[in-house]
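Notes to accompany the following structure.
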Amino acid sequence: MNIFNDLKDHLRNALEAMTAAGELPAGLSLERVTIEPPRDPSHGDAATNAAMVLCKPAGLKPRELAEKLKPRLDALEFVTETSVDGPGFINIRLADGVWRDQLAGILRLGTRFGDSTLGSGRKVNVEYVSANPTGPLTAGHARGAVVGDALANLLLKAGYEVCKEYYINDAGNQVATLARSTYLRYLEALGEGDANIPEGFYPGEYLKDVGQALAARDGDKWKGRDEAEWLEPIRNFAIDFLMGEIKEDLKLLGVEQAVFSSERKLVEAGKVDAVLETLTQAGHIYTGVLEPPKGKTPEDWEPRPQTLFRATDFGDDVDRPLQKSDGSWTYFANDIAYHLDKFERGYATMIDIWGADHGGYIKRMQAAVRAVTGGKGALDVKTCQLVHMFDNGKPVRMSKRAGTFVTLRDVLEAVGTDVVRFIMLTRRNDQTLEFDFAKVTEQSRDNPVFYVQYAYARAHSVLRHAREALTGRDLSDAGLAALDLSPLADPAELALVKRLAGWPRMVESAAEAHEPHRVAFYLQELAAEFHALWNKGRDDATLRFIIAEDEALTLARMALVRGAAIVVASGLEIMGVTPAEEM
RNA sequence: GCGCCCGUAGCUCAGCCGGAUAGAGCACUCGCCUUCUAAGCGAGCGGUCGCAGGUUCGAAUCCUGCCGGGCGCGCCA
């Protein structure tokens with residue numbers, strides 16, 4: 001159910017009829033033709049640019065073409081008025097009944113309203129969080145987690161088959177460092193060693209738990225043994241331990257990913273060797289010497305032959321190294337194998353959510369995906385900027401080196417899941433975000449979380465009152481949907497219905513753009529309009545939702561109130577925020 | 001030096017696969033507030049969309065070049 005898609009069908013029919021009548025040349029591309037609500041509602045309910053887009057191939061001036069199209073739109077029975085305006089827009093006004101029918105549809109569908117067939121079941125993989133299992137999730141990780149999760153939900157609503165995935169970076173130096181750091185804490189737990197953590201090890205206190213758990217499981221089994229003996233088992237122990245914690249944190253955040261892919265398993269399964277073999281045979285790999293970066297040559301730079309991927313053949317700026325000098329693969333090489341693995345699992349469309357500090361790797365990864373899938377796979381990477389934590393305006397200092405940071409758990413315990421999830425979507429992903437513990441829990445207009453949730457709660461408060469005022473009346477969604485809604489006639493009421501009717505359009509455009517934050521902004525606008533309508537009842541008693549002496553009107557207005565609540569709930573569902581009937 | 005992201009009202013930000021007079025909240029100013037239903041409400045003020053060119057019926061939006069800020073730049077992930 002999407003009225004603008006319906007309108008587009010009618011428009012297309014009209015244009016095809018014009019072609020049939022010889023008024024337009026055959027074979028025109030309607031690609032750029034749009035029909036959408038005009039920015040200024042005084043222009044009408046919908047506007048199309050068809051005349052301006054098609055005038056050139058038709059050999060007509062925009063307004064001439066518009067005048068020919070206009071009567072065909074006038075002929076549609078639900079169109080009450082059209083006009084040709086500006087450079088050649090056709091503005092269209094629809095009968096009020098169209099909008100009331102939309103509202104009835106919303107009540108019948110519930111939060112399924114806005115579901116789209118845009119994706120038509122195509123498979124999309126969204127990979128997010130993917131934090132190294134070397135420590136607990138921080139407040140910063142929360143952003144990528146929420147953006148990825150909401151994006152996945154959004155795509156699901158838009159009709160894609162979505163896989164929510166986490167890539168465990170459990171290979172390489174960082175997890176070796178983790179193992180060594182854990183070993184120190186393990187000795188400490190056994191009452192030995194030095195509690196001072198030397199340079200080059202992870203200093204975080206959280207590793208004490210890991211060391212203790214290891215000591216509890218294995219006793220002094222690893223004490224005094226060679227690193228070669230304990231490195232692997234302790235590494236695996238620590239990774240399992242920390243991944244367990246990460247999953248718990250994610251669960252508290254409302255994130256449940258279906259697939260956890262292990263980098264190590266990929267390597268051990270020979271996937272990296274395989275993909276590099278394929279690339280080599282295709283001639284995409286060679287041994288060469290890279291130029292040092294201009295203007296900023298690293299101190300220890302020396303020209304050195306390396307195994308390189310011809311990323312420049314696929315849109316990158318320089319070719320990229322695949323192998324370390326010890327013979328093991330670089331992270332990039334492993335990541336190529338990983339993305340091919342996703343592709344082979346059926347995900348031609350892949351979306352990765354990364355921190356902004358990884359932005360420099362986007363081009364090479366996209367180049368690799370192109371090379372390795374023969375151009376059939378597409379990778380979109382969304383990068384998330386930093387989250388700056390504040391408490392009532394005072395910055396909360398964090399230092400990963402010093403091991404002092406705000407964990408995700410801390411934030412969740414302080415403000416709750418709903419607040420975290422909502423706030424993380426109140427900025428476009430590429431914009432830095434300020435998270436102020438005091439402000440995000442404030443109950444005021446300034447706090448979008450409160451403002452939107454309150455709209456939902458207020459709607460249900462009204463419904464509770466209506467149930468008392470209208471005892472015995474059917475206020476169920478089905479009952480409301482079956483009503484005669486013609487008492488809804490005030491422009492402000494119809495304007496709200498029109499905004500609700502725009503929800504499916506919002507879902508589709510946000511899904512296409514891979515931009516879940518748009519849902520948060522839409523909900524803020526919707527909430528503002530709902531609250532404003534509520535407030536009108538203060539100045540003008542005839543606009544109150546509940547009019548004791550007019551049951552039919554009150555019932556129709558309950559349909560509107562409930563419709564607004566449904567759309568709010570539908571949006572919150574994508575964001576992973578709970579709608580509360582009482583606050 | 002190169003690449004990517006950002007630059008929109010005093011502040012924080014939407015809008016950006018081109019569309020009509022550029023939006024919201026805060027702040028500020030002016031009113032209202034013995035409220036059905038709830039943590040106030042309404043109105044106003046406020047912008048050469050970083051700068052300069054270009055593309056076209058039309059540019060905040062696309063292209064080029066500058067300026068300013070952030071991130072990144074061979075064996076970290």
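Order of the sequence lines sets the chain letters (A, B, ...), proteins ahead of strands, with each chain counted from 1.
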Look at the rings of Tyr167(A) and Tyr338(A) and say which category their plane angle falls in: under 30° parallel, 30 to 60° tilted, over 60° perpendicular. parallel
Give the B/S/- string for nucleotides 18-30 of chain B, one per nucleotide from 5' to 3', where a protein heavy atom under 4.0 Å of the base yields B, of only the sugar-phosphate yields S, and otherwise -. -BBB---SS----
Expressed as a whole number of Å, how far does the P atom of C17(B) sit from that of C6(B)? 12 Å
Geometric class of the Phe437(A)/Phe435(A) ring pair [parallel <30°, tilted 30-60°, perpendicular >60°]: perpendicular
Phosphate OP1/OP2 of C16(B) contacted by Arg518(A) side-chain N/O (<4.0 Å): yes
Within the 4.0 Å heavy-atom criterion, would you say Gln524(A) contacts the bases, only the backbone, or no part of the nucleic acid? nothing
Those residues of residues 460-467 of chain A lying under 4.0 Å from RNA chain B by at least one heavy atom: Ser461(A), Val462(A), Arg464(A), His465(A)
Which value, in whole Å, describes the distance between the P atoms of nucleotides G23(B) and G44(B)? 13 Å
In whole angstrom, give me the gap between the C1' atoms of U8(B) and G69(B). 16 Å
Does NZ or CZ of Arg518(A) fall inside the cone over Phe521(A)'s six-membered ring, less than 6.0 Å from its centre and within 45° of the axis? no
For Arg544(A), is there any backbone N or O sitting under 3.5 Å from a side-chain donor or acceptor partner on Arg557(A)? yes
Please write out the pairs of protein N or O atoms and N or O atoms of nucleotides 3-11 of chain B separated by less than 3.5 Å, giving the distance to one decimal.
from  : atom 1 : to        : atom 2 : distance (Å)
G3(B) : O3'    : Lys363(A) : NZ     : 3.3
C6(B) : OP1    : Arg428(A) : NH1    : 3.4

Lys536(A): side chain to side chain contact (heavy atoms under 4.5 Å, CB included) partners, not counting sequence neighbours: Ala492(A), Leu543(A)
Among residues two or more places apart or on two chains, list those pairs meeting side chain to side chain donor-acceptor pair (under 3.5 Å) that have a residue in residues 47-68 of chain A. Thr34(A)-Asn49(A)
Reckon Lys324(A) has a side-chain N or O less than 4.0 Å from the OP1 or OP2 of A77(B)? yes
Polar pair under 3.5 Å, donor/acceptor by atom type, side chain Tyr361(A), base A77(B): yes
Could you tell me whether Tyr451(A) contacts a base, only the sugar-phosphate backbone, or nothing, with contacts defined as non-hydrogen atoms closer than 4.0 Å? nothing
G19(B) and A59(B): how far apart are their C1' atoms, nearest whole angstrom? 10 Å
If pairs are Watson-Crick or G-U with both distances under 3.5 Å, what is the dot-bracket string of RNA chain B, marking crossing pairs with [ ] and pairs to another strand with |? (((((((..((((.....[...)))).(((((.......))))).....(((((..]....))))))))))))....
G46(B) to A24(B) separation - P atoms, rounded to the nearest Å: 14 Å
Applying a 4.0 Å non-hydrogen cut-off, can you work out what His517(A) is touching in the nucleic acid: base, sugar-phosphate, or nothing? sugar-phosphate
Mind checking the P distance from A60(B) to A22(B)? Whole angstroms is fine. 9 Å
Heavy-atom donor-acceptor pair, Asp436(A) side chain to Asn392(A) backbone, under 3.5 Å: yes
Take atom C1' in C13(B) and the same atom in G3(B), then report the distance between them in whole Å. 27 Å
What does Phe332(A) touch in the nucleic acid at a heavy-atom separation under 4.0 angstrom: a base, only the sugar-phosphate, or nothing? nothing
State whether Glu127(A) and Lys342(A) are salt-bridged, where the test is any N-O pair (Lys NZ or Arg NE/NH1/NH2 against Asp/Glu carboxylate O) under 4.0 Å. yes
Do side-chain atoms of His141(A) reach the backbone of Thr138(A) as a donor and acceptor pair under 3.5 angstrom? yes
Do any N or O atoms from the side chain of Ser83(A) and from the backbone of Asp85(A) form a donor-acceptor pair under 3.5 angstrom? no
With the side chain of Arg458(A) defined as its heavy atoms from C-beta on, choose the nearest nucleotide among A77(B), A39(B), G42(B). A39(B)
Any side-chain N or O of Lys61(A) below 4.0 angstrom from OP1/OP2 of C57(B)? no
Out of G74(B), C13(B), A77(B), which has the shortest distance to the side chain of Gln174(A)? A77(B)
Phe309(A) six-ring face occupied by Arg364(A) cation (under 6.0 Å, within 45°): no
For the residue pair Arg320(A) and Phe332(A), would you count it as a cation-pi contact if the rule is NZ or CZ under 6.0 angstrom from the ring centre and within 45 degrees of the ring axis? no
If you look at every strand shown and take non-hydrogen atoms under 4.0 Å, does Phe521(A) touch a base, only sugar-phosphate, or nothing? sugar-phosphate
Less than 4.0 angstrom from a charged side-chain N to a carboxylate O is my criterion; do Asp446(A) and Lys439(A) meet it? no
Hey, does the Lys NZ or Arg CZ of Arg370(A) hover above the aromatic six-ring of Phe314(A), less than 6.0 Å from the centre and inside 45° of the axis? no
Looking at the side chain of Lys56(A), which of U56(B), A77(B), G74(B) is the nearest nucleotide? U56(B)
Under 3.5 Å donor-acceptor, Thr578(A) side chain and Ala580(A) backbone: no
In whole Å, measure the gap between the C1' atoms of C26(B) and G68(B) for me. 26 Å
